[in-house]
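Written out below as structure tokens is the structure these notes cover.
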Amino acid sequence: MTPPAERRRPRLGFRLGLGARLMLVMGAALLPLAVLSYTQTVATQRVAESRARAAILGETLSAATPLVDIILQAQGTATTLAASLPAYVDDPEACDQAMSRIARLSEGRYSFVGFIPRDGHITCSSDPGEHDIGQTPWLARMLADPQPRLSVSRNASISHTSVLNLSVPVRREGAVIGLMSISMPHDVIQAQSAAQGRGEGSAPLALATFD
């Protein structure tokens with residue numbers, strides 16, 4: 001038998017009640033489910049964001065494709081002309097005819113097609129007469145680092161309108177002798193790109209591009 005003194009000795013330690021033990025057991029049992037639910041929620045949010053980005057990107061590409069096509073066509077034309085120009089620069093009449101033919105075939109898409117020599121004195125272009133842009137900051141920038149460039153001019157020196165200009169260096173025997181330049185009026189390319197991108201039942205779309 002246990003001595004009376006030992007029976008009266010208080011028991012040390014902390015004992016949880018039945019309710020507390022049930023809460024701990026249920027919490028331990030439900031913890032993996034809570035973690036799984038959180039993981040699934042995060043994954044669902046990421047999938048939804050990815051789909052939203054893909055939809056926006058697809059809409060943007062669809063809207064930009066007509067304009068990109070116009071620019072790529074102009075780039076191909078300018079690059080081809082730049083490669084063949086050395087054979088024309090010494091024959092202004094033949095050069096003028098070639099530039100005028102390209103401008104005419106563009107159906108108004110190009111307001112200016114011409115060869116700009118380093119001194120800026122233009123004698124070969126689709127625009128009648130001679131022009132001198134030798135003192136313009138634009139030509140100085142282009143020749144300072146000659147490479148294919150797209151630039152915007154709100155009031156072009158020759159076209160006298162807002163244009164998107166594409167310029168490609170022209171080389172002869174490795175030396176840069178000038179620029180092959182094509183100007184595309186903003187109002188024309190905007191109208192053409194909108195007409196090409198307009199589908200039946202399509203919603204109006206505003207597109208802003210940042211370079």
*If you round to the nearest 0.5 Å, how far is CD1 of I133 from NE2 of H121?*
11.5 Å
*Do T77 and L166 have side-chain heavy atoms sitting under 4.5 Å apart?*
no
*Close side-chain approach of D127 and I122, heavy atoms under 4.5 Å*: no
*Point-to-point distance, once rounded to the nearest 0.5 Å, from OG of S181 to CG of L81*: 11.0 Å
*Shortest non-hydrogen separation from L139 to G120 and the atoms involved*: CD2-CA, 3.6 Å
_Contact between I116 and V170 at the side-chain level, heavy atoms closer than 4.5 Å - yes or no?_
no
_Please check this pair: side chain of T79 against backbone of G76, looking for a donor-acceptor N/O pair closer than 3.5 Å._
no
*State, with a plain yes or no, whether a side-chain heavy atom of S167 is found less than 4.5 Å away from one of M180.*
no
*Working to the nearest 0.5 Å, report the span between CG of L105 and CD1 of I102.*
6.0 Å
*Would a 4.5 Å heavy-atom cut-off, applied to side chains only, mark S151 and W138 as touching?*
yes
*asked:* Is it the case that the side chain of S100 and the backbone of Q97 share a donor-acceptor pair, with hydrogens and angles ignored and the cut-off at 3.5 Å?
replied: no
*Which pair of heavy atoms, one from L179 and one from P169, lies closest together, and at what distance?*
CD2-CA, 4.0 Å
*asked:* For D145, is there an ion pair with R149 - N to carboxylate O distance below 4.0 angstrom?
replied: yes
*Please name all residues satisfying side chain to side chain donor-acceptor pair (under 3.5 Å) with S125, sequence neighbours left out, ordered by chain then number.*
none
*Write down the atom of L143, the atom of R118, and the distance for their closest heavy-atom approach.*
CD1-O, 3.5 Å
*Donor-acceptor contact present, side-chain T123 to main-chain E130, <3.5 Å*: no
_Intermediate values then yes/no, side chain to side chain contact (heavy atoms under 4.5 Å, CB included), M142 and Q147_ = CA-CA 8 Å; M142 295 298 106; Q147 58 180 305; over 6 Å; no
*Decide whether I182 and V163 are clustered together by the hydrophobic rule: side chain heavy atoms of Ile, Leu, Val, Met, Phe, Trp, Tyr closer than 4.5 Å, transitively.*
no
_Is there a continuous path of hydrophobic side-chain contacts, each under 4.5 Å between heavy atoms, that joins M184 to V152?_
yes
*N165 versus L150: any side-chain heavy-atom pair under 4.5 Å?*
no
*Test item: I177 and R171 side chains (from C-beta on) under 4.5 Å apart, heavy atoms*: no
*So, do S126 and Y110 sit near enough that their side-chain heavy atoms are less than 4.5 Å apart?*
no
*Rounded to the nearest 0.5 Å, what separation is found between the CZ atom of R141 and the OG1 atom of T136?*
8.0 Å
